[in-house]
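In what follows, chains carry the letters A, B, and so on, assigned in the order in which the sequence lines appear, proteins first and then strands, with residues in each chain numbered from 1. Heavy-atom basis, side chains included; hydrogens, waters and symmetry copies ignored.
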Amino acid sequence: MSFQAPKGVPEYFPPRSATFLAVRAAFATAAQNAGYSYIEVPVFEDTELFARGVGESTDVVTKEMYTFADRGGRSVTLRPEFTAGVMRSTLEHGLHHGQLPVKLWTTGPAFRYERPQAGRYRQLQQFNVEAIGTEDPAVDAETIAVAWSGYQALGLSQVRLLLNTLGCKQCRPAYRAALQDFLRGLDLDEATRERIEINPLRVLDDKRPEVRAQVENAPLITDHLCASCKAHHDRVRSLLEDLGVPWEDAPRLVRGLDYYTRTTYEFDHPLLGAQSGIGGGGRYDGLSEDIGGPPLPGIGFAVGVDRIILAVEAENLSQEAPARVAVYGVPLGEEAARRMFRLVSELRAAGVSADMAFDGKGLKGAMKGADRSGAAYAVILGDRDIAAGAAQVKDLASGDQTSVPLAEIITTLKERLTP
RNA sequence: GUGGGUGUAGCUCAGUUGGCAGAGCGCCAGGUUGUGGUCCUGGAUGUCGUGGGUUCAAGUCCCAUCACUCACCCCA
């Protein structure tokens, strides 16, 4: 076969795809339980939305976007993240004109043109939660709790929560200037020196040891917070404490998107190698205005479904493939195949999952199919049985087999399958 | 964008100083002509990533190229 999946695009097929759905379901349940509603937003948007929303100084915008001209000459971009699109949709449809906050969740693929590696893909699957129109630190803590319960529901026990604040429009500029003063005095490579001028906070997050050593004594935002940011941050932390969600203060934690303000956080998993961030979020109080909307604060997170799958596997939590069906039909001969096809359909209509052997398979092959389907019962039907007006119902676990009149097959199986 | 590693059966991988292309798992069939899962026996499947070079002879050595992969950077 001469085709292969595009570079950097992971695919999930059975049995592993079950874990994919389980991860989504765990977070969807957590979000729904906390009163978040589903929103479906476009996979591509006007390029300008991301440029302004995510930020011109970010790597995501400057070198990682899948941007192209459509046939009408418009520049569109496959979403590199969800928050800008969710905010745009909220503003466009006036969701914020009702009671606030607007609490939304969404999920699907996002796209970034990067060199793939373990846990880093060009098409990545995210699960997002956004609470728009609130400054209440309790909602900051709520979003963290929602993500946390998603991880818990999957059984992950090694997730670390790193928490920081980035200050706000009032206090960040002064801190930024102080940080730049400090960083300009260091011995750094050219790319990093440029970053000092564009986005100095990100230098703090550099993972290279030689950089880390030098920023050891850099001024920290936590020492430069205004009174309201400090109160906000303290409140978030004390609420987390009330909930029993453990966190680590990470005063050097910076997120890569420009819109973050105040609360920022990241979930890490120690077993994943270089790309250990399995989720991250924060407050984006200026985003609405950045894209031409009214002042409208917000807080939310994205978790990486692909990386969570890796974490689930690293902690050996992958579930065994569930039985595909409860009943499997084994027809012998043309007439039996026709009757079985209808019986299987009737079983499904009666709420009993069922499959059957096709292609005129022989008894041995069909029974093998029954075994692999994970079915609890096989229904065997041959000419002999049709003549007798009955089918053989075999309990595949015990091997016991009984003859059941055709008219009673469905009720018998329903009964036996009900615990 | 930068650097390292790896390409052999459907999958995971072995393949010696260059000398007949292999194993396990899976798949198919038979043992059992109406019975799966265990067991036994047998069977099929390869442009050895691709192109070139060296050699009597290349999976093995050399060059190029492509793909995959890990890491930097960045982020979910």
Given salt bridge (charged side-chain N to carboxylate O under 4.0 Å, His left out), test A:E335 with A:R339 step by step and report yes or no. CA-CA 6 Å; A:E335 173 64 15; A:R339 290 191 179 221; 3.0 Å; yes
Sequence-aligned protein contact record of nucleotides 65-76 of chain B, with B where the base is within under 4.0 Å of a protein heavy atom and S where only the sugar-phosphate is: --SS-SBBBBBB
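- Between B:rU16 and B:rG4, the two P atoms lie 26 Å apart (nearest whole Å).
- Here the straight-line distance linking atom CZ of A:R79 with atom CD of A:E45 works out to 8.5 Å at 0.5 Å rounding.
- Donor-acceptor pairing under 3.5 Å, judged by distance alone, is present between the side chain of A:Q401 and the base of B:rU35.
- B:rG1 and B:rC72 make up a base pair, with Watson-Crick or G-U wobble contacts both under 3.5 Å.
- Mapping A:Y113 and A:L396 onto RNA chain B by nearest heavy atom places A:Y113 closer to the 5' end of the strand.
- Using a 4.5 Å cut-off on side-chain heavy atoms (C-beta onward), A:F267 and A:I144 make contact.
- Of the residues A:T264, A:D140, A:T143, the one that meets the side-chain hydrogen bond (donor to acceptor under 3.5 Å, both in side chains) test with A:R283 is A:D140.
- For B:rG37, its base never sits under 3.5 Å from the side chain of A:D371 at any donor and acceptor pair.
- A:W105 pairs in a ring pair (Phe, Tyr, Trp, His ring centres under 6.0 Å) with only one of the listed residues (A:F301, A:F27, A:Y38), which is A:Y38.
- Using a 4.0 Å heavy-atom criterion, one finds that A:A110 contacts no nucleic acid atom at all.
- Whole-Å rounding puts the A:M367 CE to B:rU32 P distance at 18 Å.
- Side-chain atoms of A:K364 stay outside donor-acceptor range of the base of B:rU35, with no qualifying N/O pair under 3.5 Å.
- Across the strands present, B:rG22 finds its partner in B:rC13; the criterion is a Watson-Crick or G-U wobble pair with both atom distances under 3.5 angstrom.
- Ring planes of A:Y66 and A:F111: perpendicular class, angle over 60° (limits at 30 and 60°).
- Looking at heavy-atom distances under 4.0 Å, A:G365 makes no contact with the nucleic acid at all.
- With a 3.5 Å ceiling on both atom-pair distances, the Watson-Crick or G-U wobble partner of B:rC39 is B:rG31.
- Residue whose closest nucleotide on RNA chain B sits further toward the 5' end, between A:R384 and A:A397: A:R384.
- Across the protein-nucleic acid pair, A:I380 atom CD1 and B:rG36 atom P stand 10 Å apart, rounded to whole Å.
- Side-chain contact of A:D371 with A:Y328: a donor-acceptor pair under 3.5 Å is absent, judged by distance alone.
- B:rU50 and B:rA64 make up a base pair, with Watson-Crick or G-U wobble contacts both under 3.5 Å.
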